[in-house]
A.B. asks: 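One structure, as structure tokens, below. Some questions next.
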Amino acid sequence: MKTFEISEAIRPQDIISQLAVLLRISITHDISNDALLKSVHNFICIVDALLIKDNYLTVELRRQFFYVNDKRVKYNLQNYFYFQFLKNEFTKRNLGGLHMRSSLSVREVQTFITLFNAVASAEDPFSLLAGGLNEGESIIVSPLDMSVQKESQDAEKLVKKTYFSAVSQFKDFSKKIDDGEEVAIKNANFIIRAIVDRVIDEEQTLLSMTSIKNYDEYTFYHSVNVSILAVTIGSRLGLNRRELFELGISGFFHDVGKIKVPRQILNKPAKLDDTEWDVMRSHPAKGVGCLLSKKTFSRLAVRSAIVSFEHHMAKDASGYPRVSGNYNQDLYSKIISIADRFDAMTASRIYTKKPRSPEEAVAILSEGVGKNVDAALLRIFIDAVGIFPIGTVVLLDTRELAVVFRVNSVFLDRPQVVLVTDSKGNRVERRVIDLTEKDTGKHYTRSIKSTVDPSKFHINIVEFLFPTVSSKGSGVVES
Amino acid sequence: MSDAIEFENSGLETAGESLSGQSTSQERQVIALIVTLIRTLEKAKKIVRTYPSNNQTYKNAILDTHGKFSEYFALSCEEELVLQIEHNAILYKSTKVYSNDDLTDNLALFFFKDGVQTLIFEKNISTVELESFIKILGTDYTDDDTDVIGLLWERDFENIKYVTVEDLSFEDTNYEQKVFQAVNNNSDILRAYEEALNQPEHKEIQLATPSEDDVQLLLDEAQEAFNKKKEKLAEILFYTLMDATDPEEIQTIAEATMNLTIDFLNHKVLNGFLKMSSMIAELRLRSDMSTAVNLKLGWLHSFCISGETISRLGDIIDSEDIIDESILSKYVDCLDANSLRPFMALLDRLKTIRGRKRVVAILSKVGKKDVALIVEGLRDPRWYFVRNILCVLGQMNDQATGKNIVPMLRHSNARVRVEAIRALETLSLAEDTNLFHALHEIIKCLDDEDLMVRLSTLKTVSNLLMSHGSTHEDVRATVISKATTGDFLKLGMPEKKAYCDLLSRWNEAKVNEFMMRLLKKRFFLNRIGHIDNKIVAAYYFGLTGNKEVVQVLRQLKDSPHMLLRNEVEAALRKIESENV
């Protein structure tokens, strides 16, 4: 009984959606229930259709994204919630992938579902799942770790190249504008497309680059960081490539007006007086002028100018520039405002030498919900950067000191960390620990207890995040 | 496929030369196939541009091109087709497979100009991908942002790759070094560790999960039309201008405002333009603007109401189906008398009735600021222009213009005369001080040679008398005398009925007698004229509701003439119902 009509070409995302539907139904329905059976048949039909194409079918979860036959599946609003659900369910069971080489029978799918649900709260769900599926079954499972380990050093290298190219390019832009040249937004096209590509493929690695805070060249790094953080939010929101590109450009140029602020104010080490603050607060408006110097109003120029003007605004009138009460902040501005505030709070600058910890910054942003932060966007942002964003120095309940290395968007407070010291405060060889690990008593092996300000103790977290280029690094030892 | 490849008209002499020397038969076949493939691709580009996607020609073009790719992969046994792009040529393994010196329709140049160096089509290329690729070839883009690399990048093709001139060639390790050298030698991890032990435990952050609706709202916002973004930008420019103090900044923002106004006109974004114009006018009235900003606002306002601007605005007004009348009204409010001439000039140019109506409405509002200028338009030699001016004057409803309109009752063009009657009617409806004079002038038009004018006259006189409830003996006498003579009987049915409409208001004995005679008149032959007269008389009595004629009407109830029968029945129904 095949109930699913293959009216048009089956796309890889269909299997993600159908598997999610199937598993959701199976939570509340008996295995022999008609609705569930119908869903099983639909799933089999999709698997068959995809098997015809490639003779094998692999559904893998790698670093927050699903891959079908090694190709990353794009998600949008229509399937966003299915993706989120399936990602959570896979992660809970430490399941990294499903592999199918031949057509499935109804019994095989039923066995898989039953096992999948049964192991949910088990101590070692993956082993039970793998062991429960008999040899010879058409569905084979692989653990999550295998996928995680596929991160290659080449990708990391490309990410770094993209990041530092972007910083270098922004520096060039600033110099040109400083010299009186017009802002040629188009010249940033290539680098922003590269950033979007990296966010899509290597989101977490690129995010870790944003933890780099350069005191001397704050403005350049900040612009790139904001662009990356904004594109990350946009990507998780489901914006298409063109929109992500526009968002990236807008983030890149959001502070362009600062170039027109006199250096003595911008770099004043002491507190600014009222007049100086007024000048400082004029940078959003000055940015509009910089970005609209051409006679044509391209999409990029218009969107960037809007973001430049609005990125310091707030619903509760605490921001600037001041506008009338019924003014609505643009979506890109809301996104970039979160990215901007987060990066600014976590960086040391001339007038705020002591930066806030990433965790503190996230907490402050959360307090702003309803006033100057959009709740939905903040949640998407935190899903990406975590409660303890990459680069946060944390003390574990084992009295070990560590740096957050990768975010876990399912268990936001259980990221992967790099150990810095042992429980006695002695430096240790670099080890990556996953805080979702449990001991035999089903208790988490390690949990975060508190956070530390790295700048206070001259700890450069880059050393721990990028050991391959750091002279002191000694390679990653996965736990 | 024949081994003898013909390259006529393809400009592929180079390819021909290189092939004749060393290539094998199969290589020659492959080359020939690629040449055909590129031609098919170019042809498909034109078809996709011309036909809708559901057209069979369109579908065939995609399938044909896909077929050529399949042929290539079957013949070459390659996994991909790699094409090198040069300025005016496309090469396959160093052999020229496309050559074109044209600057406008040149496939190689299309890619080369934006920096595409290599195109790679993989074996699994689908028709969907190919269709999307062909659409890119046919894209006419003029904005600054778009380039072919962007278009290719946005599509994110699975089986079409490209290599560009730009690359992440950043090899300056200076940045990395700086960042990593910043690892301080005096890093005090032990102290950090000690402090960490004394830190308070982190507090849990309460996070709300966005609903599907929350996300949808955000996505809807992302997809908001670009023109809406431009309108927002307009608003931002005004905020920026209001706060600007630096002369250079004021100049920049004012220029950007001007450019955006022009952009709205160029892209026919009427609402955007109207809003900007209104905002400029509003800001000019504010007292808190600096002199420098005020000067710029004046400059912007002059532009918004300039002849050139209004001329371009006219094109939009002419073409737009729906206009937000409230925004248009705001714009009109800020116009001054200087805008009258450009708007009057539009009357000559506009093609649609709705366009002319809109301009007439604008002129009737703004015209009050210089009535004499509008009246001057009556002297224009173009009859249609004069007619539009009369429309304007009618809508303006300025009593003083009555004297200027009256001479138009004798204009050589009948349509102008009709419009003049209507304009006078509007003026007289509003105010009865000049009614007598107006009626006297209008009534003269009953002798007009044109039926349209005479009918308008009768209708107008009827309307005016009804609205004012007055008699005006002279007018009545004139109408009655015309309706009770033999000449009346020579008129056509519509005009006779129009007379009846007017006459029925007075229920005049003389007319009643005249009509009764018509009704009772016997004739031996079925002469159309007589029947018509009886119909008119029946119509008249139907209007007056005169019950004395019931008997006579009943006698005609069974008339063999359908029209007469119908009219009589209608009259009887009316009389009977009124008497009940």
Side-chain angles (χ1 to χ4, degrees), chain A residues 77 81 160-162 164-165 167-168 186 189-190 193-194 212 214 237-239 241-243 285 288-289 292 295-300 302-303 305-306 309 321 323 330-331 359 362-363 366 375-376 379 382 387 395 401 420-421 425 427 448-452 457-460 462-463 469-470 472, chain B residues 143-145 147 150 153-154 156 158 166 168 170 172 175-176 178-180 182-184 186-197 199-203 205-210 212 214-216 218-219 221-222 226 229-230 232-233 236-237 239-240 243-244 249 252-253 256 259-260 263:
Chain A
L77 180 70
F81 289 92
K160 280 180 197 146
K161 217 169 184 180
T162 306
F164 289 117
S165 292
V167 173
S168 162
K186 199 177 176 179
N189 285 3
F190 178 75
R193 281 180 197 135
I212 296 172
N214 189 309
L237 178 62
L239 298 185
R241 284 167 81 85
R242 186 189 180 125
E243 289 158 349
V288 175
L292 297 178
K295 282 192 174 177
T296 52
F297 290 84
S298 68
R299 289 180 67 90
L300 292 181
V302 170
R303 302 219 67 153
I306 291 173
F309 185 77
V323 288
D330 193 72
L331 172 68
E359 179 217 10
V362 165
S366 302
R379 179 58 203 251
I382 293 174
I387 292 171
L395 180 76
L401 200 62
V420 176
T421 75
R427 279 292 295 266
I448 293 172
K449 191 168 170 277
S450 59
T451 58
V452 187
F457 303 101
H458 314 290
I459 301 171
N460 189 342
V462 173
E463 178 189 355
V469 285
S470 164
K472 292 185 180 179
Chain B
D143 65 298
D144 270 2
D145 302 340
D147 59 9
W153 178 83
E154 277 167 26
D156 193 22
E158 205 176 314
E166 275 187 293
L168 279 178
F170 182 81
D172 180 5
Y175 276 98
E176 278 193 52
K178 262 193 199 171
V179 170
F180 297 113
V183 178
N184 287 286
N186 56 351
S187 149
D188 199 345
I189 295 210
L190 189 62
R191 269 190 53 223
Y193 177 74
E194 281 162 4
E195 170 152 325
L197 292 175
Q199 286 290 310
E201 288 197 14
H202 84 91
K203 289 176 199 160
I205 298 170
Q206 293 300 320
L207 297 170
T209 306
E212 206 163 325
D214 291 334
V215 176
Q216 185 61 58
L218 294 170
L219 285 174
E221 219 182 308
F226 183 50
K229 302 291 172 200
K230 281 191 190 169
K232 177 165 221 188
L233 180 64
I236 287 173
L237 285 172
Y239 279 120
T240 311
D243 289 341
E249 196 183 349
T252 308
I253 299 298
N259 291 334
L260 186 57
D263 185 88

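Labels below follow one simple rule: chain letters A, B, ... track the order of the sequence lines, proteins then strands, and each chain is numbered from 1.
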A.B. asks: Considering only heavy atoms, which portion of A/F297 lies under 4.5 Å from any heavy atom of chain B: side chain, backbone, both, or neither?
C.D. replies: both
A.B. asks: What residue, out of B/E221, B/K232, B/E158, B/K230, has the most heavy-atom pairs lying under 4.5 Å from chain A?
C.D. replies: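 When all of B/E221, B/K232, B/E158, B/K230 are compared, B/K232 has the most.
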A.B. asks: Counting heavy-atom pairs under 4.5 Å with chain A, which one of B/L237, B/I236, B/L233, B/D263 comes out on top?
C.D. replies: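 Heavy-atom pairs under 4.5 Å are most numerous for B/I236.
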A.B. asks: Which heavy-atom pair separates A/R242 from B/W153 by the least distance, and what is that distance?
C.D. replies: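 For A/R242 versus B/W153, the nearest heavy atoms are N-CZ3, 4.5 Å.
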A.B. asks: Looking at CG of A/L331 and NZ of B/K229, how far apart are the two atoms once the value is rounded to the nearest 0.5 Å?
C.D. replies: 7.0 Å
A.B. asks: Short question: side chain of A/R299, backbone of B/F226 - any donor-acceptor pair under 3.5 Å?
C.D. replies: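 Here the side-chain-to-backbone pair does not exist.
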A.B. asks: Which bit of B/E154 comes within less than 4.5 Å of chain A, counting heavy atoms only: side chain, backbone, both or neither?
C.D. replies: both
A.B. asks: Is it true that B/D156 and A/R193 have a side-chain N and a carboxylate O under 4.0 angstrom from each other?
C.D. replies: no
A.B. asks: Considering non-hydrogen atoms only, spot the tightest contact between B/A222 and A/E243 and give its length.
C.D. replies: O-OE2, 4.0 Å
A.B. asks: Between chain B and each of A/V288, A/V302, A/L292, count heavy-atom pairs under 4.5 Å; write down the option with the most.
C.D. replies: A/V302
A.B. asks: Which one wins on heavy-atom pair count under 4.5 Å against chain A: B/L218, B/T252, B/T240?
C.D. replies: B/L218
A.B. asks: At a heavy-atom separation under 4.5 Å, does B/I253 approach chain A through its side chain, its backbone, both, or neither?
C.D. replies: side chain
A.B. asks: Most heavy-atom pairs under 4.5 angstrom with chain A, which of B/D243, B/D214, B/L260?
C.D. replies: B/L260
A.B. asks: Which region of A/T451, side chain (C-beta onward) or backbone (N, CA, C, O), has a non-hydrogen atom less than 4.5 Å from a non-hydrogen atom of chain B, or is it both or neither?
C.D. replies: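 For A/T451, the contact with chain B is made by the backbone alone.
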A.B. asks: Given that the side chain runs from C-beta out, which part of A/I306 has a heavy atom under 4.5 Å from chain B: side chain, backbone, both or neither?
C.D. replies: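 Contact with chain B involves both backbone and side-chain atoms of A/I306.
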A.B. asks: How far does CG of B/D147 sit from CG of A/N189, to the nearest 0.5 angstrom?
C.D. replies: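 Here the interatomic distance stands at 6.0 Å.
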